[in-house]
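Down below is the structure, laid out as structure tokens.
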Amino acid sequence: MESLGFSLDGRSALITGGNGGIGLAIARGYQAAGAAVAITGQDQEKNSAARAALGDQSLILALDVRDEAAVAETISAVASEFGRLDILVNNAGVFLTGDITEKSLEEWDTVVGVNLTGAFLCTKYAAQAMRIGRHGGKMINIGSMYSLFGQPNGSDYVATKTGLLGLTRAMAVELAPDNIQVNAILPGFIKTEMSSGLAGTELGDQIRRKTPANRWGVPRDVVGTAVFLASAASDFVSGVAIPVDGGYAVTERLLYP
């Protein structure tokens, strides 16, 4: 792997929302590839479980990504603990279902704050740390299939995940002189806590039938792409969004019985 540039030896990574699901799978994948890993999360019980999964060599931090002072402090702590910050994964996200005519401004602000403003704040301070280090870096924004499609009862989620595409493109251009590559991963329908109620429903089965891979994804399906985008193998890749969806986004009909 090293000869192809996929090793993360000597690099450090921060994954927001890394205490479960896709974020924790990426954290474990980065560790396996050689990186020092820090994760954030607000649920202390999940943080404790993540520490057991990742080991004491990892850094587990409580963080509300909407809190600018806390974001700045957290990124400074990670850079100080590991001596540098090489990789940021903006993974923290929430989904609150609801008809747009009934959705409250508070609900809208919560989703926008976590999914989009939080990514902006983490990008801002991670970029500062990478500039100070003068060694470049990698930023990976976790979007969604709903970065590409509309969705009923999820207007705020769709708006924020689509907004992440714009942030990805703009930062890829703006941070290129600092040798920082910025890309996005668009997971398809992945079995996590957030989607657990959907997978076993009739709609969940329709999703499976529309997916050429003929199954829902699992968090580890995202890991290979995340390692690639964090490694030297992707040094000439920036500003792109890669669907990891079993082919769902390119399919226009149900394929399976």
Side-chain angles (χ1 to χ4, degrees), residues 5-18 22-23 26-27 30 33 35-40 61 63 65-93 112-144 147 160-187 222 225-244:
F6 291 101
S7 171
L8 301 182
D9 284 345
R11 301 193 182 200
S12 65
L14 170 63
I15 301 105
T16 67
I22 290 172
I26 291 173
Y30 283 178
V37 169
I39 66 169
T40 72
L61 301 167
L63 175 66
V65 294
R66 299 169 294 179
D67 184 335
E68 182 168 9
V71 168
E73 182 179 351
T74 296
I75 289 177
S76 177
V78 172
S80 177
E81 175 71 19
F82 296 143
R84 56 192 289 163
L85 177 62
D86 301 281
I87 303 155
L88 169 69
V89 181
N90 282 312
N91 175 69
V112 173
V114 174
N115 295 4
L116 189 55
T117 303
F120 152 68
L121 291 173
C122 292
T123 297
K124 173 182 176 179
Y125 288 98
Q128 290 180 10
M130 291 173 185
R131 279 175 170 170
I132 291 170
R134 297 181 182 275
H135 48 66
K138 305 283 186 174
M139 295 187 181
I140 301 163
N141 295 320
I142 304 300
S144 167
S147 299
T160 56
K161 291 301 184 178
T162 304
L164 279 177
L165 296 182
L167 181 65
T168 298
R169 294 165 184 150
M171 292 300 95
V173 175
E174 185 170 338
L175 299 177
D178 300 291
N179 190 28
I180 298 171
Q181 291 82 54
V182 186
N183 294 288
I185 296 175
L186 309 183
V222 182
T225 304
V227 170
F228 165 65
L229 291 176
S231 72
S234 63
D235 281 353
F236 204 55
V237 178
S238 199
V240 305
I242 302 177
V244 180

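Keep in mind the model is a prediction, meaning the values are calculated, not measured. For reference, positions follow the sequence shown, starting with 1.
Between the side chain of N183 and the backbone N or O of I140, no donor-acceptor pair lies under 3.5 Å. No donor-acceptor distance shorter than 3.5 angstrom exists from the side chain of Y30 to the backbone of R11, with no hydrogens or angles considered. The backbone N or O of V112 sits nowhere less than 3.5 Å from a side-chain atom of T160 that would complete a donor-acceptor pair. In this structure, the side chain of S234 engages the main chain of F228 through a donor-acceptor pair within 3.5 Å. In this structure a side-chain-to-backbone donor-acceptor pair under 3.5 Å is missing from R84 to H135.
Considering only residues two or more places apart in sequence or on other chains, K161 meets the salt bridge (Lys or Arg N to Asp or Glu O under 4.0 Å) condition with none of them. Here E68 pairs with K124 under the salt bridge (Lys or Arg N to Asp or Glu O under 4.0 Å) rule; sequence neighbours left out. In this view, D67 satisfies the salt bridge (Lys or Arg N to Asp or Glu O under 4.0 Å) rule with no residue, not counting sequence neighbours.
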Discussion item. I'd like to know whether T168 forms a side chain to side chain contact (heavy atoms under 4.5 Å, CB included) with M139, so could you lay out the CA-CA distance, the side-chain angles of the two residues, the decisive distance to 0.1 Å, and finally the verdict.
Written reply: CA-CA 9 Å; T168 298; M139 295 187 181; over 6 Å; no
Worksheet entry | Stepwise side chain to side chain contact (heavy atoms under 4.5 Å, CB included) test for V237 and Q181 | CA-CA 7 Å; V237 178; Q181 291 82 54; over 6 Å; no
Item to complete: Walk me through it: do V89 and I185 pass the test side chain to side chain contact (heavy atoms under 4.5 Å, CB included)?
Response: CA-CA 10 Å; V89 181; I185 296 175; over 6 Å; no
Worksheet item: Do V65 and L121 pass the side chain to side chain contact (heavy atoms under 4.5 Å, CB included) test, and can you show the C-alpha distance, the side-chain angles, and the key distance before you say yes or no?
Response: CA-CA 7 Å; V65 294; L121 291 173; over 6 Å; no
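The two atoms that bring S231 and S7 nearest to each other are CB-O, 4.4 Å, heavy atoms only.
Taken to the nearest 0.5 Å, the CG atom of N115 stands 10.0 Å off from the CZ atom of R66. Atoms OG1 and CG, on T40 and N91 in that order, are 8.5 Å from each other to the nearest 0.5 Å. Rounding to the nearest 0.5 angstrom, the gap separating the CE atom in M130 from the CG atom in L88 is 6.0 Å. A distance of 13.5 Å separates OG of S80 from CD1 of I75, quoted to the nearest 0.5 Å.
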